[in-house]
Amino acid sequence: MIQHSAGSGKSNSIAWSAHRMAGLHNADDEKVFDSVIVITDRKVLDRQLQETISQFEHKAGVVQKIDENSQQLAEALMKGTPVVVTTIQKFPFILDKVKGMKDKRFAIIVDEAHSSQSGSAAQKLRKALTTEAAPKKTVTIELDGETVEVTADVEIDPEDVTAEDVVNEVIASRKRPENVSYFAFTATPKGKTLELFGRPNPETGLPDPFHVYSMRQAIEEGFILDVLKHYTSYKAFYKLGSTAEEKLVPQGKAKKALARYATLHPYNISQKVVVIIEHFREHVAEKIGGKAKAMVVTDSRKAAVRYKLAMDRYLKERGYADMKALVAFSGKVEDPESGSDEFSESSMNPDIKGQEPAEAFKKDEYRVLLVANKYQTGFDQPLLHSMYVDKRLSGVLAVQTLSRLNRTCLGKEDTFVLDFVNDPEEILESFLPYYRTATLENVTDPNIVHELQVKLDKAGVYYPAEVEGFAEAFFDPKRKQAGLHAWLKPAADRFGELDEEPQDQFRKDLGTFVRMYDFLSQIVHYDDPDLEKRYAFGKNLLPRIQERSTETSLLELDSDVRLTHYRLQKLGEQNLSLEKGDLVKLTPVSAAGTGSAAEDEEKRLAEIVQKMNDLFSGDLSEADMVGYVTTLSGKLLENETLAQQAKANTEEQFAMGDFRDIMTDLILDSQDAHNSIADQLLKDDRIFAAMQGMLAKMVFKTFAARP
């Protein structure tokens, strides 16, 4: 395992390693490796690696990028292409196409090994590269009067292969193959990665990295920047009101729903958008010769959609034509409350005409990139100077996300993080294990899988005979899907008859068992057919017992709750010093989540709302009251001039017409009753603009809905 800090040139190290290995010969002048395979598990990073490695190519055909299909990958390996760059997801599709690979020798370079080498995809990779050559058969023939022995390839008759043979083959495929050498590169190794690829320390016996280029050394030598030097925290304070005083709901789920409601509330997002854009224009825009860019990290695809709409609206209202935003998320998002039944990356970025947001972001006019579970890892943009975080981050994800800022370029002297939700000390603690050399407290106890097996067997959801019957069907080379269902259905039915608490417990235990066996079987050779059969049974049972949505869904609480008060407050800027922090060791993998599940007690919604208010409201005053918006919107809806303009104009034209003047008059009329709110609106044009945009949308939609 090679631990090289993010942004320190890891891609170049991988490229050099691949080329050196591809040309490596032994004392007999034989090639040490038939092919060097560079593997990643992310498409964006895959392209970056392909480009970097290809820059080192001095002869056509040395490097092959697998950018078409699995057939292309199989052919590259069969003919011994020196360097192959691909994603791990392609390997499961080539098992039937690759023959005789066990006689070849491979070097596998794994990029970001913490995520690429855990689970069944890694097992299938090993199986693909260790497939036996087709069996040989010697026959005697007469040729020109002479008897000649000829060795020919023959196919195995499926009738000769039993389910037991297949089970044994699968168990064998979990071993480390002798014809494969692994070189795992990562900036943020998890404990699991160290156990898989680390070398035993002669003093402690615990696995250590083979080579380290730490974050500390990379910062000191100027290869990357310290992203925690300028870290500012904000906190949102709010109060909620309940319109369903006596409604009973599960406390835990309701708390999550209420927090979600507040997070996605248009007023919350609009206030954060004002802070982000004005901070960027005042403190960031002129950095790096006026080319600095920023990323906004949102906590969901729906949040990203609402951020993009709010940001586009604010930029237009303020006349900031020199600044554009892009949004990046996968798939499609349904959000009728935002004005459309379906949002997609392409529909929200119409100007880039289907281009990847990461590519379009290179253009000067795009200064802000909004992301939801995308580009938080494997994204390299040296002009990225600041990050606005509205998502819970911890551990490896916190380090990887914030490290998007650490790239250096001419004129880039510092970075900036503005965090709306995370505790700075927790962020610092996430970075400390990787500031120096990653070390383990201990190794994982391999008996965990046996303990979980006993616990699952006792739950009474499945019977041993069902596991055996499923295994016979599953490992049968001529198996049919219908035969598998017959063995899984009884267990799924018994699971459905359990109460919610034992259901949750069994589901967690089974998921942990599957993950732990996936991981530990790469280190420990259990050689246990019973474990392998239970793993296959459990992995196929899991999708059938996934948690279903309940009556207390997030959406159903929205109509029972309203946001009454809100304030966004700056807590201060600080330097989170990595140098002063203590060494933090990584913990081994454990059977987390296998204890008793806590019962989700039902309580009155109003009581839960009050508890949430105690946590988040702080010292809120009348000036923070969002209810003022309701009063204003009611008065605006009584205005006949606005009613006529709403019928004759688009929403955009409506907001730019007489709306501002009429709204100003109403604020002045109500100044005595709501003096502090009115003063803020009239004295700060930014606050006024945000309020105007929100009210215009609400009022226009109400008018438009009237007959």
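Looking at Asn268, its side chain does come within 3.5 Å of a backbone N or O of Ala262 through a donor-acceptor pair. Between the Ser8 side chain and the Ser5 main chain, a donor and an acceptor come within less than 3.5 Å of each other. Judged purely by atom type and a 3.5 angstrom limit, Arg367 uses its side chain to pair as donor or acceptor with the backbone of Ala285. Glu356 places no side-chain N or O within donor-acceptor distance of the main-chain N or O of Ala358, the cut-off being under 3.5 Å. With hydrogens and angles disregarded, no donor-acceptor distance shorter than 3.5 Å links the side chain of Asn349 to the backbone of Ile352. Without hydrogens or angle criteria, Arg407 side chain to Ser403 main chain gives a donor-acceptor distance under 3.5 Å. Looking at Arg216, its side chain never comes within 3.5 Å of a backbone N or O of Glu579 through a donor-acceptor pair.
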Requested in this report: Apply the test side-chain contact (heavy atoms from CB on, under 4.5 Å) to residues Met348 and Leu309: give CA-CA distance (whole Å), side-chain angles for both, the deciding distance (0.1 Å), then the verdict.
Outcome: CA-CA 8 Å; Met348 299 203 79; Leu309 294 172; 3.8 Å; yes
Query raised in the report: Yes or no on side-chain contact (heavy atoms from CB on, under 4.5 Å) for Asp208 and Arg199, after CA distance, side-chain angles and deciding distance?
Result: CA-CA 5 Å; Asp208 278 345; Arg199 291 190 168 193; 5.8 Å; no
Query - Derivation of the side-chain hydrogen bond (donor to acceptor under 3.5 Å, both in side chains) call for Ser300 and Arg260 - result: CA-CA 10 Å; Ser300 69; Arg260 188 86 178 138; 2.8 Å; yes
Report task. Report the C-alpha separation of Ile39 and Asp111 in whole Å, then their side-chain angles, then the decisive distance to 0.1 Å, and conclude whether the side-chain contact (heavy atoms from CB on, under 4.5 Å) test is met. Result -> CA-CA 6 Å; Ile39 293 176; Asp111 186 66; over 6 Å; no
Query - Working for salt bridge (charged side-chain N to carboxylate O under 4.0 Å, His left out), residues Asp335 and Arg306 - result: CA-CA 9 Å; Asp335 189 16; Arg306 296 189 178 187; 2.9 Å; yes
Report task. Output, in order, the C-alpha distance, side-chain angles, deciding distance and verdict of side-chain contact (heavy atoms from CB on, under 4.5 Å) for Asp351 and Lys324. Result -> CA-CA 10 Å; Asp351 293 344; Lys324 289 184 179 180; 3.9 Å; yes
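Pairing each heavy atom of Pro382 with each of Lys412, the nearest pair is O-NZ, 2.9 Å. Minimum interatomic distance between Lys391 and Thr298 (heavy atoms only, all atoms of both residues): CD-O, 3.5 Å. In terms of heavy-atom proximity, His4 sits nearest to Val212 at CD2-C, 4.3 Å. Between Ala18 and Val38, the shortest heavy-atom contact is CB-CG2, 4.1 Å. Residues Ala398 and Phe431 come closest through the heavy atom pair O-CE1, 4.0 Å. Heavy-atom minimum distance, Asp445 versus Leu520: O-CD1, 4.1 Å.
The distance from the CG atom of Leu393 to the OG1 atom of Thr401 is 5.0 Å, given to the nearest 0.5 Å. Note that CD1 of Ile224 is 9.0 Å distant from OG1 of Thr408, once rounded to the nearest 0.5 Å. How far OG1 of Thr188 is from CD of Gln400: 4.0 Å, rounded to the nearest 0.5 Å. Interatomic distance, CG of Leu326 versus NZ of Lys363, reported as 9.0 Å (0.5 Å rounding). Residue Leu405 holds its CG atom at 9.0 Å from CG of Leu225, rounded to the nearest 0.5 Å. From Ser338, atom OG reaches atom CZ of Phe343 across 5.0 Å, with rounding to the nearest 0.5 Å.
Residue pairs that meet the side chain to side chain donor-acceptor pair (under 3.5 Å) test with at least one member in residues 413-427, sequence neighbours left out, are Tyr231-Asp419, Lys287-Asp414, His385-Asp414, Asp419-Asn422. Applying the ring pair (Phe, Tyr, Trp, His ring centres under 6.0 Å) test to residues at least two apart or on different chains, the pairs with a partner in residues 403-424 are Tyr234-Phe420, His279-Phe416.
Checked by atom type, the side-chain pair Arg301/Ser330 shows no donor-acceptor distance below 3.5 Å. Donor-acceptor pairing under 3.5 Å is lacking for the side chains of Tyr434 and Gln3. Checking Gln217 against Tyr435 by side-chain atom types alone, no donor-acceptor pair falls below 3.5 Å. A side-chain N or O of Thr444 and one of Glu195 form a donor-acceptor pair less than 3.5 Å apart.
The environment of Tyr366 atom OH is dense: over 12 non-hydrogen atoms of other residues, nucleotides or ligands sit within 6.0 angstrom. For Gln355, the CD atom sits in a packed shell: over 12 heavy atoms of surrounding residues, nucleotides or ligands are nearer than 6.0 Å. Atom CD of Glu365 has more than 12 neighbouring heavy atoms from other residues, nucleotides or ligands inside a 6.0 Å radius.
Residues Val389 and Leu418 have side chains not in contact (no heavy-atom distance under 4.5 Å, counting atoms from C-beta outward). The side-chain heavy atoms of Arg313 and Glu317, taken from C-beta on, include a pair separated by under 4.5 Å. Put simply, the side chain of Val327 does not reach to within 4.5 Å of the side chain of Tyr307, judged on heavy atoms. Side-chain contact between Phe237 and Gln569 is present, with heavy atoms from C-beta onward closer than 4.5 Å. In this structure the side chain of Tyr314 reaches within 4.5 angstrom of the side chain of Ile277, judged on heavy atoms. Looking only at side-chain heavy atoms (C-beta outward), Pro209 and Thr437 come within less than 4.5 Å of each other. Within the 4.5 Å cutoff, no side-chain heavy atoms of Val417 are placed close to those of His230. Within the 4.5 Å cutoff, the side chain of Ser233 has heavy atoms near those of the Gln574 side chain.
Salt-bridge check for Asp390 with Lys272: passed, with a basic side-chain N closer than 4.0 Å to an acidic carboxylate O. Salt bridge status for Asp299 with Arg392: absent, with no side-chain N to carboxylate O gap under 4.0 Å. Electrostatic pairing of Lys229 and Asp226 does not count as a salt bridge here, judged by no charged N lying under 4.0 Å from a carboxylate O. For Asp518 and Lys192, the salt-bridge test fails: no basic side-chain N is under 4.0 Å from an acidic carboxylate O.
For the side-chain contact (heavy atoms from CB on, under 4.5 Å) with Val368, the qualifying choice from Lys293, Met295, Met323 is Met323, the only one to do so. For the salt bridge (charged side-chain N to carboxylate O under 4.0 Å, His left out) with Glu345, the qualifying choice from Lys308, Lys332, Lys374 is Lys374, the only one to do so.
Cation-pi contact between Arg404 and Tyr375: absent, since separation from the ring centre below 6.0 Å together with deviation from the ring axis within 45° is not met.
Between Phe361 and Phe379, the two ring planes are tilted [angle within 30° to 60°]. Between Phe197 and Tyr182, the angle of the ring planes lies from 30° to 60°, which puts this pair in the tilted group.
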